[in-house]
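Small disclaimer: the values here were computed from a predicted structure and weren't measured. Here is how names work: the chains are called A, B, and so on, in the same order as the sequence lines, proteins then strands, and each is numbered from 1.
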Number of protein chains: 2
Amino acid sequence: MRTLLATMKALSDESRLRALGLLRERELCLCQIVEVLGLATSTVSKHMSVLQQARLVESRKEGRWAYFRLADDEAPTEALGALELALASLDRDKQAKADRRALKAVLKMSAEELCRKQANCKC
Amino acid sequence: MRTLLATMKALSDESRLRALGLLRERELCLCQIVEVLGLATSTVSKHMSVLQQARLVESRKEGRWAYFRLADDEAPTEALGALELALASLDRDKQAKADRRALKAVLKMSAEELCRKQANCKC
DNA sequence: ACGTCGTTTCGCCAATTAACGAAATGTAGA
DNA sequence: TCTACATTTCGTTAATTGGCGAAACGACGT
């Protein structure tokens, strides 16, 4: 029950579902997810931590950056099944589509993206 | 997204998961679910209404009694998929097993069960 | 060693939600 | 009609959760 409950709780938030939709495209760094979701960094960090504890995503650190990706086959069946279900539903979702478009734009800039996000931008 | 989110929210509560585990056995009346879960009638009624709005269960009225059963094939794919997933997980769950045992006992009494639940019991 | 910067943790506030009992609803039987 | 009773709705309270900014953390470059 614990696992199932944790999985469902993790998936019962719109921001977290959107994040999963983004990760479906490719592994992403926290700041890229932040940019698309338009939430405070600390908020998104918390969301990713919830998804991690539910074993829906995994992360790795590379220098100062934290990269997140969808869970692999070693995750509990509850997580894998629910993930598959959620991604299938997101595939047909309007908001998720818009997010994927926004992600494409973010991935193009990278340099300016970082700049705009920080207040010290001079562009 | 709305449907997916509603489904996941409905499934992210232990009492509601337990109720689904009971309904897997057979169609049940509200008071039987109340008896097994050990919660106030009004609380369980609210839970069942949440499950209904997420299209995870359906209900019918027969006289003063409200009967609930798991959703049929006409429910949204999100609901059906999540339901299948949750039930599979509950199959292996300790608490769910205990609930099924408790349900068997409740189904046997029926008369006395109703009696005990109401404060006017004289047994 | 020091400052910078991406991330995480912490503390707070607002919104949501589960729980209860009381009151309202609706149906069956006297 | 009046009463009894299963269920639902309402109002309140306590706990949980999402959101933010500030502070702490940790790694890189100077």
Side-chain angles (χ1 to χ4, degrees), chain A residues 2 5-19 27-54 57-69 106 110-122, chain B residues 5-6 8-19 27-54 57-69 106 110-122:
Chain A
R2 288 242 349 260
L5 205 47
T7 306
M8 294 307 178
K9 274 180 195 266
L11 290 173
S12 63
D13 176 272
E14 177 165 6
S15 303
R16 288 196 287 267
L17 288 178
R18 290 176 64 198
E27 181 183 66
L28 291 172
C29 145
L30 182 71
C31 63
Q32 298 171 318
I33 305 174
V34 164
E35 190 66 16
V36 175
L37 295 189
L39 295 172
T41 306
S42 59
T43 303
V44 177
S45 175
K46 185 69 173 56
H47 279 316
M48 299 316 291
S49 141
V50 170
L51 288 172
Q52 258 186 97
Q53 289 191 330
V57 315
E58 298 176 20
S59 73
R60 67 188 175 87
K61 281 254 183 181
E62 190 173 318
R64 321 178 209 184
W65 291 274
Y67 288 95
F68 298 90
R69 62 179 181 282
V106 167
S110 221
E112 291 133 298
E113 174 261 326
L114 217 124
C115 179
R116 262 196 305 129
K117 194 158 65 93
Q118 316 303 333
N120 55 2
C121 175
K122 286 175 195 114
Chain B
L5 206 46
M8 294 305 177
K9 275 180 195 268
L11 291 173
S12 62
D13 176 272
E14 177 165 7
S15 302
R16 286 194 289 265
L17 288 178
R18 290 175 64 197
E27 181 183 66
L28 291 171
C29 144
L30 182 71
C31 63
Q32 298 171 318
I33 305 174
V34 164
E35 190 66 17
V36 176
L37 295 188
L39 294 172
T41 305
S42 59
T43 304
V44 178
S45 174
K46 184 67 174 53
H47 279 316
M48 299 315 291
S49 141
V50 170
L51 288 172
Q52 258 186 98
Q53 289 190 329
V57 315
E58 298 175 22
S59 73
R60 69 188 174 86
K61 281 253 184 183
E62 189 174 318
R64 321 175 208 185
W65 292 274
Y67 288 95
F68 299 90
R69 62 179 181 283
V106 167
S110 221
E112 291 132 299
E113 175 261 326
L114 217 124
C115 178
R116 261 196 305 129
K117 194 159 64 94
Q118 316 302 336
N120 55 2
C121 173
K122 286 176 196 109

Starting at atom [atom1] of [X], determine the distance to atom [atom2] of [N], rounded to an integer number of angstrom.
{"X": "B:Tyr67", "N": "C:dT27", "atom1": "OH", "atom2": "P", "value": "15 Å"}
{"X": "B:Leu51", "N": "D:dT7", "atom1": "CG", "atom2": "P", "value": "16 Å"}
{"X": "B:Met48", "N": "D:dA6", "atom1": "CE", "atom2": "C1'", "value": "15 Å"}
{"X": "A:Lys61", "N": "D:dA27", "atom1": "NZ", "atom2": "P", "value": "8 Å"}
{"X": "A:Leu30", "N": "C:dT7", "atom1": "CG", "atom2": "C1'", "value": "7 Å"}
{"X": "B:Trp65", "N": "D:dA4", "atom1": "CH2", "atom2": "P", "value": "16 Å"}
{"X": "A:Arg60", "N": "D:dG26", "atom1": "CZ", "atom2": "C1'", "value": "17 Å"}
{"X": "A:Glu14", "N": "C:dT16", "atom1": "CD", "atom2": "P", "value": "13 Å"}

Let me know, please, whether A:Lys46 or A:Gly63 comes out on the 5' side of the other along DNA chain D by nearest nucleotide.
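Comparing both residues, the 5'-ward one is A:Lys46.
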Could you say whether A:Ser42 or B:Ser45 is positioned toward the 5' end of DNA chain D, judged by the nucleotide with the nearest heavy atom to each?
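Per heavy-atom nearest nucleotide, the more 5' residue is B:Ser45.
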According to a strict under-4.0 Å criterion, is [X] in side-chain N/O contact with OP1 or OP2 of [N]?
{"X": "B:His47", "N": "C:dT17", "result": "no"}
{"X": "A:Arg64", "N": "D:dC25", "result": "no"}
{"X": "A:Thr43", "N": "D:dG19", "result": "no"}
{"X": "B:Lys9", "N": "C:dT17", "result": "yes"}
{"X": "A:Ser15", "N": "D:dG19", "result": "yes"}

Do the side chains of B:Val50 and B:Lys46 get nearer than 4.5 Å, heavy atoms only?
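Result yes, sub-4.5 Å side-chain heavy-atom pair found.
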Taking atom CZ of A:Arg60 as the centre, report whether more than 12 heavy atoms of other residues, nucleotides or ligands fall under 6.0 Å from it.
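Correct, the count exceeds 12.
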